[in-house]
Amino acid sequence: MDLDMKDVVALCKRRGFIFPASDIYGGINGFWDYGPLGVELKNNLRDLWWKAMVVTPPIGPDGTPVQIVGLDSSIIQNPKAWVASGHVGGFSDPMVDCRETKKRYRADHLMILKSEGDKWPSFHEESEDEEIEKRLKKLNLDTNVSNYERVNLTDLDASFYEKIIAPDTKVAGTLTEPKEFNLMFESHAGPIQSDENKVYLRPETAQGIFLNFKNVLDSSRVRMPFGIAQIGKAFRNEVNPRNFIFRSREFEQMEMEWFCHPDEVEKWRDFWFEERTKFWRAVGLASDNLQIRKHGDDELSHYAKEGLGTSDIEYKFPFTAPDFGELEGIAHRCDFDLTAHQEHSGQKLEYMDPVTQDKYMPHVIEPAAGLTRGALALICEAYTVDESRPSGVYLNFHPALAPKKAAILPLSAKEEHVGPATKLYLALREEFAVDLDIKQNIGKRYARQDEIGTPYCFTIDNDTLEDGTVTVRDRNTMAQERISMDKVADYLREKMKPVSAMKVAA
RNA sequence: GCGGGCGUAGUUCAAUGGUAGAACGUCAGCCUUCCAAGCUGAAUAUGCCGGUUCGAUCCCGGUCGCCCGCUCCA
């Protein structure tokens, strides 16, 4: 089905899921606020992840539960941490613009064919020899590639730029000098701004985990292999925030660093990949819109260049379709981070196995998921057009994810209906996020609940007063059945179960 | 960052160089014993700044934001 993102965005605003940040000031590019229902949805996803990781971690390949502990580290850390992690040096891209074509290139992706002459053509570094020769011919230059010296643009002094012919033009000297695009948010710790107290807002939550590896090991009685999990905000100065909340400058991550012996990485990589896929299916992304994909070598991060690489769990968002967008990456970070922090901090971070006396630097398998991206995927997946019902659309959330689990609706606003309804509401809200809605006719109230994805409505009518039963109205089928009022909590509890057991809903 | 498009109630849309109208939503009242978002009423808008003009939501410039394409996405 062709889902128009415009409709999704409009519903999100209209019903209080997601608003533009600073809306009354005209918004701010790359930032979004989560409204009353959005925060419930996001919290539900967050809590389920925390439960799946920290509270009830999965049974490992050996039949016993794996060991994972939680952490909530500071967003701002000692800036040296980001030097060590490679973000200060590597998390910025040198970019050049072509004045002629207005195109922009990453300087480190441009390859120059240097020669004795004064015209040096440039190409994308992956260009095939065939297309290079073709273009050389067009430019009336020597077509023998071996007569040139291949140089990366970043290795050339800017004084040579006047000789360079940009990749999409015919004249030389149109490239600007490289500009740094630093993707790290900077701030200052302390009221005086100077280079002395410059700090960075974390671009990933993972580093806080590595920085606390030793603290956790020394305080928590964990033994290899084990994991440390963390959920929190991260910040990146994206060049071009796009696609609603998909690529924003402030977002939320759910990351788990799994520390293990280097010889066991393959086993754990496969294990976590399977577990994480199961998770996304269980929370409701069970359709063909979910796919898994292994990264190509050319797109690997600085920390994953060695080892087993990275695999993504991806979702087919309306704006990426027919392609997919990343939801979670499962990376083998090797021992890159711990080794780097050991070098830079001077602290020993190796693990000494208490049984075998084996000393080694642990390797890391990292399932890193986007919480905010996950919430967006849930909304897109749930959005269901149904012309036959008054609302025209409903959100098909799994009950465990729905912002409201149920609405309690007295059929009329008379006291004999409102009384028992209020009583039921007060009892249920102790355990579930529920709404009590008294005003307006029943059809209108059902429609409203459909639109915010409330899976069940419990209606109190005259029969309730006689036999103590209420009507359950199912969101997806609109079918009704009567159940005893004192069974309502059990009923809801039962409906939540599949997801907490990490099972795909029927 | 470039190119193109766009910016009117919460949402989706109208209209106009002379100060804005609808539908739905929201709120209030009524009606309703299960899909009747029914009836009555109310509140709510020209993104922001500047220019031209007697007068600008409309024309012009800037800015901010959104969408599409490119670029980018450790």
Side-chain angles (χ1 to χ4, degrees), chain A residues 4-7 9-16 19-32 35 82 85-106 108-109 124 167-168 176 179 181-184 203-204 206 236-244 246-249 299-305 310 319 325-326 329 331 333 336 386 388-392 394 409-414 416-417 439-451 457-465 470-475 478-482:
Chain A
D4 194 340
M5 208 49 208
K6 265 195 216 153
D7 298 331
V9 175
L11 177 69
C12 281
K13 179 160 194 200
R14 184 155 43 88
R15 286 303 180 185
F19 308 124
S22 318
D23 202 8
I24 61 172
Y25 286 102
I28 176 166
N29 193 0
F31 298 88
W32 299 88
W82 302 110
S85 70
H87 287 89
V88 169
F91 202 49
S92 66
D93 300 325
M95 309 286 288
V96 291
D97 293 315
C98 174
R99 295 189 195 89
E100 181 84 10
T101 61
K102 304 291 182 200
K103 288 200 179 215
R104 162 165 293 170
Y105 311 92
R106 262 182 71 163
D108 55 336
H109 282 182
H124 289 284
D168 297 284
T176 61
K179 273 181 285 187
F181 274 60
N182 192 353
L183 303 187
M184 293 272 276
E204 62 175 14
R236 298 178 190 184
N237 260 322
E238 294 289 354
V239 175
N240 193 359
R242 271 289 164 93
N243 294 329
F244 200 28
F246 182 79
R247 173 163 290 116
S248 48
R249 291 189 167 136
E299 53 179 331
L300 288 178
S301 320
H302 62 274
Y303 52 72
K305 290 248 192 289
T310 300
F319 46 80
E326 182 184 351
R333 292 184 77 129
F336 178 91
D386 180 358
S388 73
R389 62 175 76 200
S391 59
Y394 66 101
L409 312 174
L411 192 55
S412 80
K414 288 179 241 161
E416 60 254 45
H417 291 163
K439 300 285 177 133
Q440 298 181 338
N441 74 58
I442 193 72
K444 208 162 184 169
R445 284 179 281 168
Y446 284 152
R448 187 186 300 127
Q449 296 300 336
D450 278 351
E451 232 183 11
C457 292
F458 298 108
T459 307
I460 282 76
D461 60 11
N462 285 342
D463 291 351
T464 309
L465 310 180
V470 297
T471 306
V472 188
R473 184 262 193 186
D474 182 275
R475 173 197 60 206
M478 298 194 280
Q480 302 186 356
E481 59 174 317
R482 292 200 78 91

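Residue numbers begin at 1 in each chain, while the letters A, B, ... track the order of the sequences. No hydrogens, no waters, no symmetry mates; every other heavy atom, side chains included, goes into these values.
On a pure distance criterion of 3.5 Å, a polar donor-acceptor pair joins the side chain of A:N240 and the base of B:rG1.
Taking every side-chain heavy atom of A:R242 into account, B:rG69 is the closest of B:rU32, B:rG69, B:rU12. Of the candidates B:rA37, B:rU32, B:rG69, B:rA37 carries the atom nearest the A:S391 side chain, counting heavy atoms from C-beta on. Comparing B:rU32, B:rG29, B:rU26 against the side chain of A:K439 picks out B:rG29 as the nearest. Considering only the side chain of A:P390, B:rA37 comes nearest among B:rC34, B:rA37, B:rU26.
Positionally, the nearest nucleotide of RNA chain B for A:I442 lies more toward the 5' end than for the other of A:I442 and A:I28. Nearest-nucleotide positions on RNA chain B for A:N29 and A:F246 put A:N29 closer to the 5' end.
Rounded to whole Å, the P atom of B:rU53 lies 35 Å from the corresponding atom of B:rC66. Nucleotides B:rC68 and B:rG29 have their C1' atoms positioned 47 Å apart, rounded to a whole Å. With P as the reference atom, B:rG25 and B:rU12 are 15 Å apart, rounded to whole Å. A distance of about 30 Å separates the P atoms of B:rA36 and B:rA14, rounded to the whole Å. A gap of 16 Å separates the P atoms of B:rC49 and B:rA9, to the nearest Å. Atom name C1', nucleotides B:rG17 and B:rU32: the rounded distance is 50 Å, in whole Å. Atom C1' of B:rA20 sits at a distance of 9 Å from the matching atom of B:rA45, rounded to the whole Å. Separation of the P atoms belonging to B:rC13 and B:rG51 is 33 Å when rounded to the nearest angstrom.
Pairing for B:rG17 is absent, with no Watson-Crick or G-U wobble pair whose two atom distances lie under 3.5 Å. Using the Watson-Crick or G-U wobble rule with both distances under 3.5 Å, B:rC58 pairs with nothing in any strand shown. Both distances falling under 3.5 Å, in either a Watson-Crick or a G-U wobble arrangement, place B:rC6 opposite B:rG65. As the counterpart of B:rG25, no nucleotide is assigned, since no Watson-Crick or G-U wobble pattern has both distances under 3.5 Å. Nucleotide B:rC30 forms a Watson-Crick or G-U wobble pair with B:rG38, both donor-acceptor distances falling under 3.5 Å. Pairing for B:rA45 is absent, with no Watson-Crick or G-U wobble pair whose two atom distances lie under 3.5 Å. Base pairing of B:rC70: its partner is B:rG1, meeting the Watson-Crick or G-U wobble criterion (both donor-acceptor distances under 3.5 Å).
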Side chain to side chain contact (heavy atoms under 4.5 Å, CB included) between A:K439 and A:R445, intermediate numbers included: CA-CA 8 Å; A:K439 300 285 177 133; A:R445 284 179 281 168; 5.9 Å; no

Working for side chain to side chain contact (heavy atoms under 4.5 Å, CB included), residues A:T459 and A:V470: CA-CA 6 Å; A:T459 307; A:V470 297; over 6 Å; no

A:Q449/A:R473 under side chain to side chain donor-acceptor pair (under 3.5 Å): CA gap, chis, key distance, verdict: CA-CA 11 Å; A:Q449 296 300 336; A:R473 184 262 193 186; over 6 Å; no

Candidate pair A:L465 and A:E416, rule side chain to side chain contact (heavy atoms under 4.5 Å, CB included), full reasoning: CA-CA 8 Å; A:L465 310 180; A:E416 60 254 45; 3.9 Å; yes

A:R249 vs A:E238, salt bridge (Lys or Arg N to Asp or Glu O under 4.0 Å): CA-CA, chis, key distance, verdict: CA-CA 6 Å; A:R249 291 189 167 136; A:E238 294 289 354; over 6 Å; no

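Distance alone, capped at 3.5 Å, is enough to place a donor-acceptor pair between the A:W32 side chain and the A:F244 backbone. Side chain of A:N441 to main chain of A:K444: a donor-acceptor pair is present (N/O by atom type, distance under 3.5 Å, no hydrogens or angles). Remark: side-chain polar atoms of A:H87 are not paired, donor with acceptor, to backbone N or O of A:W82 under 3.5 angstrom.
Between the CG atom of A:L11 and the C1' atom of B:rU12 there is a distance of 13 Å, rounded to whole Å. A straight line from CZ of A:R14 to P of B:rA23 spans 17 Å, rounded to a whole angstrom. Atom CG in A:L411 sits roughly 13 Å away from atom P in B:rA36 (whole-Å rounding). Regarding A:R445, its CZ atom lies at a distance of 11 Å from the C1' atom of B:rC35, rounded to whole Å. Rounded to whole Å, atom P of B:rG65 lies 16 Å from atom CZ of A:F244. Rounded to an integer number of Å, the gap from A:K414 NZ to B:rC34 P is 11 Å. At whole-Å resolution of the value, CG in A:N243 and P in B:rC72 are 16 Å apart. Rounded to whole Å, the distance from CG on A:D4 to C1' on B:rU11 is 14 Å.
A:F31 comes within 4.0 angstrom of no nucleic acid atom, judged by non-hydrogen atoms across all strands. The residue A:D386 sits apart from the nucleic acid: no heavy atom pair falls under 4.0 Å. Residue contacts for A:R473: at a heavy-atom cut-off of 4.0 Å it reaches a base atom on one of the strands shown. The residue A:R389 sits apart from the nucleic acid: no heavy atom pair falls under 4.0 Å. Counting any heavy atom pair closer than 4.0 Å across all strands shown, A:D461 reaches a base atom. If you check every strand for non-hydrogen atoms under 4.0 Å, A:A447 touches a base.
Close to B:rU12, at under 4.0 Å from its OP1 or OP2, lies no side-chain N or O of A:K6. At B:rU11, one or more side-chain N or O atoms of A:K13 fall inside 4.0 Å of OP1 or OP2 (strictly under the cut-off). Under 4.0 angstrom from either OP1 or OP2 of B:rC31 there lies no side-chain N or O belonging to A:N441.
Under the rule for a side-chain hydrogen bond (donor to acceptor under 3.5 Å, both in side chains), the partners of A:D461 that lie at least two apart in sequence or sit in another chain are A:T464, A:R482. A:N240 is linked by a side-chain contact (heavy atoms from CB on, under 4.5 Å) to A:R242, counting only residues two or more places apart in sequence or in another chain.
Between the CZ atom of A:F31 and the OG atom of A:S248 there is a distance of 8.0 Å, given to the nearest 0.5 Å.
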Contact pattern, 5' to 3', of nucleotides 39-50 of chain B - B, S or - by protein heavy atom under 4.0 Å: ------------

